[in-house]
Every structure is written in structure tokens, then in C-alpha cells.
Number of protein chains: 2
Amino acid sequence: MSREAWDSGTYGSESRGQLHHRVPDLGALELLLAVARHGSLGAAAREVGITQPAASSRIRSMERQLGVALVDRSPRGSRLTDAGALVTDWARRIVEAAEAFDAGAQALRGRRDSRLRVAASMTIAEYLLPGWLIALRAERPDTAVSLQAGNSAVVAERLLGNEADIGFVEGLAVPDGLDGVVVAHDRLAVVAAPSHPWARRRAPLDPAELAATPLVLRERGSGTRQVLDAALSAHGGLAQPLLELASTTAVKAAAVSGAGPAVLSELAIAEELASRRLVAIPVRGVQLRRDLRAVWPAGHRPTGPARGLLSLTRAEPTG
Amino acid sequence: MSREAWDSGTYGSESRGQLHHRVPDLGALELLLAVARHGSLGAAAREVGITQPAASSRIRSMERQLGVALVDRSPRGSRLTDAGALVTDWARRIVEAAEAFDAGAQALRGRRDSRLRVAASMTIAEYLLPGWLIALRAERPDTAVSLQAGNSAVVAERLLGNEADIGFVEGLAVPDGLDGVVVAHDRLAVVAAPSHPWARRRAPLDPAELAATPLVLRERGSGTRQVLDAALSAHGGLAQPLLELASTTAVKAAAVSGAGPAVLSELAIAEELASRRLVAIPVRGVQLRRDLRAVWPAGHRPTGPARGLLSLTRAEPTG
DNA sequence: ATGACGTCATAAGCTGGCTTTATGAGCCGG
DNA sequence: CCGGCTCATAAAGCCAGCTTATGACGTCAT
């Protein structure tokens with residue numbers, strides 16, 4: 001087959017939506033990663049449980065779809081091309097996100113009969129728990145996990161009613177009747193699009209200035225909004241919001257598109273900061289840090305799988 | 001349909017590999033996001049270009065696959081359940097990774113006839129460019145982009161031979177014959193698994209101690225290895241590596257699994273830090289920061305799409 | 001009340017992609 | 001020069017998901 005047969009195409013036209021028409025499916029991406037690992041189509045095929053011709057055809061159609069040669073085939077095996085190595089790394093990102101999805105979904109599905117029942121706040125369940133569960137699975141592959149997401153009160157209720165083995169909450173204090181240990185910190189970051197004037201500042205932002213500026217925020221009552229309110233109450237209180245949106249992602253999208261500065265959990269914006277779609281604005285003299293704690297019924301230190309999960313989240317799980 | 005009909009299953013058994021058997025495909029995830037946005041199966045179906053029954057069936061089989069109810073159907077529309085909201089957020093992560101994949105792949109496919117030709121170093125092409133291209137596409141949807149990845153010399157050669165319109169390099173200086181501007185910083189971070197003793201340190205690491213410790217590293221000759229070598233030469237030079245691995249990802253995996261401390265670009269580990277699969281170890285008194293620069297032929301300030309891309313990466317593109 | 005419009009669900013039939021099996025061709029080392 | 005590996009090609013089957021057509025249910029306005 002000649003490379004010239006591929007349609008080069010431009011990408012301006014019809015580039016919106018329909019992602020799955022232009023991105024290979026997960027099975028194909030896993031296969032590609034397996035090829036990268038093994039240096040052989042056949043071996044990769046064996047790993048993912050299909051036959052060699054199927055793998056050959058699948059890689060080939062992926063190359064046709066992307067318009068790029070991904071592997072150099074030789075009678076002695078297959079190596080990634082330069083472009084293939086790049087594509088493989090992007091593919092790995094997708095697969096990792098899929099692993100996190102899977103870990104979360106598996107936990108969510110668990111029923112009462114599961115062995116480890118976790119109750120966690122939204123932020124933790126959403127951003128941190130999937131990663132922890134991937135690690136836990138590596139360590140104790142036979143642990144069945146179930147997950148219940150809710151606010152601190154819900155978490156406490158579950159734990160005290162023996163409906164959960166361990167909980168994770170975000171907040172200023174440990175709820176009554178529970179013991180806990182800080183496992184991470186959720187710092188709220190002031191962010192703006194790189195084009196925003198604040199992105200050019202050298203000096204840290206003044207709390208009063210932050211308080212006086214209309215921001216893109218979650219609706220009143222959300223966890224991050226509460227923390228922000230509390231932190232800025234001493235500096236005149238929060239100004240009227242520029243936009244009030246219902247989800248973290250909506251806030252993120254508004255900030256990225258330049259609507260205005262926003263305040264978001266660092267956990268939610270690691271990716272955007274790394275790729276400079278958002279810029280963090282330093283703020284001085286205001287405590288935007290929130291403790292994330294593992295919690296359990298007072299006196300009942302976690303044992304078994306719960307302890308395993310706890311030790312993954314913290315080096316010294318001394319409660 | 002009764003919820004009880006779903007097989008609850010445990011996830012310890014057969015949890016390895018075969019991700020695509022347990023994670024819905026991209027089309028289904030996009031559909032779910034559309035449902036979340038519109039609050040209606042029919043509207044979501046219209047958005048993704050399928051019929052309403054197809055959407056209904058697809059969501060239903062996704063719920064069966066995950067074992068969790070995702071949407072509350074009512075004659076007045078469909079809202080996400082609590083679990084559905086969580087799943088949707090995890091799904092969004094996958095879709096975002098897929099968008100980055102797509103942006104990169106589209107650029108890679110471009111041929112000589114493309115309108116904006118970018119030459120970039122591996123790290124930048126891999127971690128930053130996809131995000132920038134997503135933003136660029138939002139701003140100038142009809143720009144066709146092509147991407148060539150290579151080291152600084154390759155980038156310079158492309159630019160000077162008028163085979164690229166703009167380049168991105170990482171390194172200490174701007175190559176001869178080029179002008180450039182710093183667009184970001186790539187800080188090398190010392191990282192270890194949370195279980196590693198270093199993760200418990202309060203005091204920053206001493207450069208000499210870092211230099212004396214066997215680390216998990218990329219092979220000699222890689223960009224990050226060079227920077228590390230240079231930075232530590234004043235402190236006795238790098239110790240014999242604990243492991244020398246061929247790819248960033250392999251290094252990451254080794255570090256996460258506790259093989260030992262590693263040194264990696266911050267860009268590569270944002271996710272692992274956020275989920276605490278890795279912990280960054282502060283180091284004092286050593287410069288592990290590397291400038292990432294946009295570059296162009298001396299005197300020929302970028303214009304048109306190249307300038308558009310440049311302004312996305314930096315607030316003040318004054319070269 | 002009742003008809004119009006919205007929602008989602010069900011059923012039947014088709015289509016196309018991916019799979020498997022079977023085979024062939026190229027390269028290498030004993 | 002044969003046996004081992006590699007990947008490619010061809011033919012046939014299966015299954016998932018699509019579409020079209022229809023129905024049931026709830027809300028709202030007349």
C-alpha cells in the first residue's frame with residue numbers, strides 16, 4: 001500500500017463534534033499500546049485476545065483513519081514510527097482516563113455485599129478516588145469496592161450507620177462522632193484565560209481586589225463557593241458574580257473562553273494549567289486551602305481493605 | 001425495568017485488561033454528555049446525529065454495562081441521577097483526552113499544503129500542543145495545521161528552510177538564526193510514590209543528597225536527563241541510575257509502583273500528582289527549570305495563523 | 001375534557017465493521 | 001534449504017447498533 005493513497009484532508013472543515021468518527025475506539029488504542037510494548041502485531045494481538053490478522057487490520061484501519069503511518073512493519077517485528085510514538089502517547093492519555101472511569105464505575109456499581117464500602121464527597125469521588133482505586137486494585141486485586149457520593153453529613157451518616165467502611169470529606173472540621181486524618185489539600189485557585197490582564201500581573205493579587213471583582217463561580221451552596229465566601233468575608237465579601245454556573249466544568253469552560261476570572265479547585269484544573277489554557281493567578285494573604293480528610297467512626301480505626309486504601313492516600317496513616 | 005435486574009458483580013475477578021469491555025465507547029460517552037447538556041434523550045440524539053430510539057437504547061445499554069442508573073427518565077425529559085453526574089464527569093475526562101488526541105492527530109496528518117506548519121520538540125508536541133490546537137481551532141476553525149516533532153536542531157532546520165511557520169523548543173538558548181520568546185516553563189520535579197520515605201520529609205531535599213541517590217531516569221541523551229545532569233554537576237554529579245528506561249511513561253510507571261524516586265517533567269505528571277499516585281519532593285538550591293520557547297526565523301515575526309497560535313500560548317507575544 | 005405536543009420505549013429489519021479461519025509471502029538462522 | 005518467525009490477504013460469519021414505525025404516557029392549552 002502506498003502512503004500517497006491516503007487522503008490528506010484539511011481539518012478546518014467538519015471538525016466539530018462526532019469525535020468518535022476521528023478517534024479510534026478504545027480497543028484499537030489498547031491494541032496500539034500493546035504493539036508499542038511488544039514490538040509485534042502478533043504478540044499484541046495475543047495480549048488483547050484477538051487473532052493476528054484482526055490486529056493487522058485494525059492497526060491498518062487506524063492508520064487510514066488518522067492518515068499517518070503508525071508502525072514500521074518488518075519481517076522481524078513492528079516498531080512505532082515517530083508519529084506513532086506521539087500518537088501512542090496521546091492514546092495512553094485516553095486509556096488512562098478510561099481506567100479512571102472504569103475504577104470509578106466499578107466502585108459505583110458495588111452493592112451492599114461489597115467488601116469495601118467508601119463514602120466520599122463529590123470532589124474527592126470525582127477527581128481523586130478513581131486514581132486511588134486503580135492503585136488499590138494493583139495492590140489487592142480481589143477487593144470489591146462500592147462508592148457512595150454525598151456531602152459531609154451523608155458521609156457521616158453512612159459511616160455511623162455502618163453502611164460504609166471509610167469516608168472522605170472536604171471541610172474545615174471532622175464531623176461529630178468521626179475520627180479522621182488529612183490525606184490531601186484542595187487549594188482553590190484563581191484562574192483566568194492567558195489573554196486576561198491578570199495573567200500578565202507580576203505582583204500577587206490583593207484579597208480585596210479579588211473580592212471586589214466579579215467572578216465566574218459555581219452557584220451558591222457549592223463547596224468551593226462556601227470556602228471562597230468564608231475566606232473573603234474579612235475583605236469585604238464576594239462581589240456580585242459575573243456568571244453563576246451549575247457545574248465545575250461549565251465554570252472551567254467559561255474561564256477558558258475568556259469570560260472572566262474564575263475560582264476552581266486545583267484538582268479540577270491540573271490539565272488546563274499544564275497546557276496553559278488557564279493561568280493561575282497568585283493571591284496573597286488569603287487562605288484558600290481546604291483539607292481533604294479520610295474519616296471513620298471514632299475509635300474504629302480502619303482495618304483490612306479500608307486500611308489499604310487509606311495507606312495509599314497518605315504516607316503515614318496514623319489517625 | 002427494575003434496578004434489581006442488574007447484575008451487581010464484584011470487580012476483583014477479571015479486572016485486568018480488556019478495558020473496552022467495561023468502558024462505553026466514545027460515541028456513547030459523547031451521547032451521555034449531550035444528554036447532560038440538554039436534559040433530553042431526543043435532543044441529545046439530534047445533537048450527535050442519531051435518532052431518538054438509538055439514543056435511548058444506547059444509554060440503556062450503557063446503564064446495563066455499568067450496572068448503575070444514569071438518567072432519570074420522565075415524560076418531561078431526562079435528568080442525570082447522582083451516579084450519572086459522577087459518571088458523566090469521568091466520561092468528560094475521556095472525551096477531553098480524545099479531543100487532545102484528535103487535535104494532535106489532525107495536525108500530524110497535515111501535508112505540505114497545510115496552512116500552518118508547526119515544528120516542535122517532543123515534550124511540547126506531546127503535552128502542550130494538543131491543548132493549544134484545541135484552542136486555536138475554537139478561534140480559527142478553518143486553519144489546517146501540520147506538525148513535525150523533533151529536537152531543537154530539527155526545528156531550527158525546518159524553520160530556516162521555510163518548511164515550518166513556527167517552532168517550539170525546550171532548552172537553554174534559542175538556536176542560531178532564530179528569534180524566540182518564552183511561552184512556558186518545564187520544571188523537572190523529583191517525585192516518588194507516597195509510600196517512599198521522601199514523601200514524608202518536611203525539609204526540602206539537599207541537592208547533594210539528590211545527586212547521591214540512585215534514581216529512575218530516562219536513558220542518557222534524553223532532554224530531561226541532560227538538564228538534570230547539568231543542574232547536578234556542581235553537586236557531585238548524578239549517581240548511577242537505579243533504572244534507565246526508554247520512555248517517560250515507563251519511568252512514571254516505575255515511580256508509581258514504588259521502584260524509587262524519579263525525575264520527570266511536571267507536564268508529564270500533573271495527573272499523578274493530583275491523584276496522589278505520586279508526590280513531588282521539594283528540592284532546594286538547584287535550578288531544574290527549563291524554558292519552553294516559541295521560535296521563528298530571526299527577523300520574521302510570525303503572522304497570520306502562526307501569530308494566532310503564539311498569542312494563545314502567551315499573554316504578551318512581544319518577541 | 002380533549003386534542004396537540006412533548007417525552008421515552010419497543011419491535012423488526014438491515015447494514016456494516018470486526019472477527020475468525022485459512023492461506024501465502026518475505027526474511028532469518030541453523 | 002528447511003523451520004521458525006514475521007505480517008498480509010481473502011472469504012465467510014456474527015453481532016452491535018442503526019433506522020423506521022409505532023405505541024404509551026404526561027403536560028398543557030383550549
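In the text below, chain A, chain B and the rest are named by the order of the sequence lines, each starting its count at 1.
To the nearest angstrom, C1' of D/dT20 lies 14 Å from CD1 of B/Ile50. B/His21 places its NE2 atom 13 Å from the P atom of D/dC15, with the value rounded to the nearest Å. Spacing between atom NE2 of B/His38 and atom P of C/dG6 amounts to 16 Å, rounded to whole angstrom units. Here D/dA16 presents its P atom at 18 Å from NE2 of A/His20, a figure rounded to the nearest Å. Here the C1' atom of nucleotide D/dG17 and the CG atom of B/Leu26 are 16 Å apart, to the nearest Å. C/dC8 atom P lies 4 Å from atom CG of B/Leu41, rounded to whole Å. Summarising the geometry, the separation between CG on A/Asp72 and C1' on C/dG26 is reported as 16 Å, rounded to the nearest angstrom. Between the P atom of C/dG16 and the CG atom of B/Asp25 lies a distance of 19 Å, rounded to the nearest Å.
For the atom pair CG (A/Leu80) and CG (A/Leu70), the distance works out to 8.0 Å, reported to the nearest 0.5 Å. For the atom pair CG of A/Leu26 and CG of A/Leu31, the computed distance is 12.0 Å after rounding to the nearest 0.5 Å. One finds the CG atom of B/Leu41 at 6.0 Å from the OG atom of B/Ser56 (value rounded to the nearest 0.5 Å). For the atom pair A/Ile134 CD1 and A/Gln106 CD, the distance stands at 11.0 Å (nearest 0.5 Å).
The phosphate of C/dC27 has neither OP1 nor OP2 within less than 4.0 Å of any side-chain N or O from A/Arg76. Within the 4.0 Å cut-off from OP1 or OP2 of D/dT9, not a single side-chain nitrogen or oxygen of A/Ser56 is found. Side-chain nitrogen and oxygen atoms of B/Ser40 include at least one within less than 4.0 Å of the OP1 or OP2 phosphate oxygen of C/dC8. One finds a side-chain N or O of A/Arg58 lying less than 4.0 angstrom from the OP1 or OP2 phosphate oxygen of C/dT19. Side-chain nitrogen and oxygen atoms of B/Arg73 include none within less than 4.0 Å of the OP1 or OP2 phosphate oxygen of C/dT7. Of the side-chain N and O atoms in B/Ser74, none sit less than 4.0 angstrom from OP1 or OP2 of C/dT7.
The shortest heavy-atom contact between A/Ala69 and A/Thr81 is O-OG1, 2.8 Å.
Nearer the 5' end of DNA chain D, as judged by each residue's closest nucleotide, is the contact made by A/Ser57, out of B/Gln52 and A/Ser57.
Among D/dT20, D/dT27, D/dA8, the nucleotide with an atom closest to any side-chain atom of B/Thr51 is D/dT20. For A/Arg60, the side-chain atoms get nearest to D/dT9 when compared with the rest of D/dT9, C/dT10, C/dT7. Across C/dC27, D/dA21, D/dC18, the shortest atom-to-atom separation from the side chain of B/Pro53 is found for D/dA21.
Here B/Ser61 lies out of heavy-atom contact (under 4.0 Å) with every strand.
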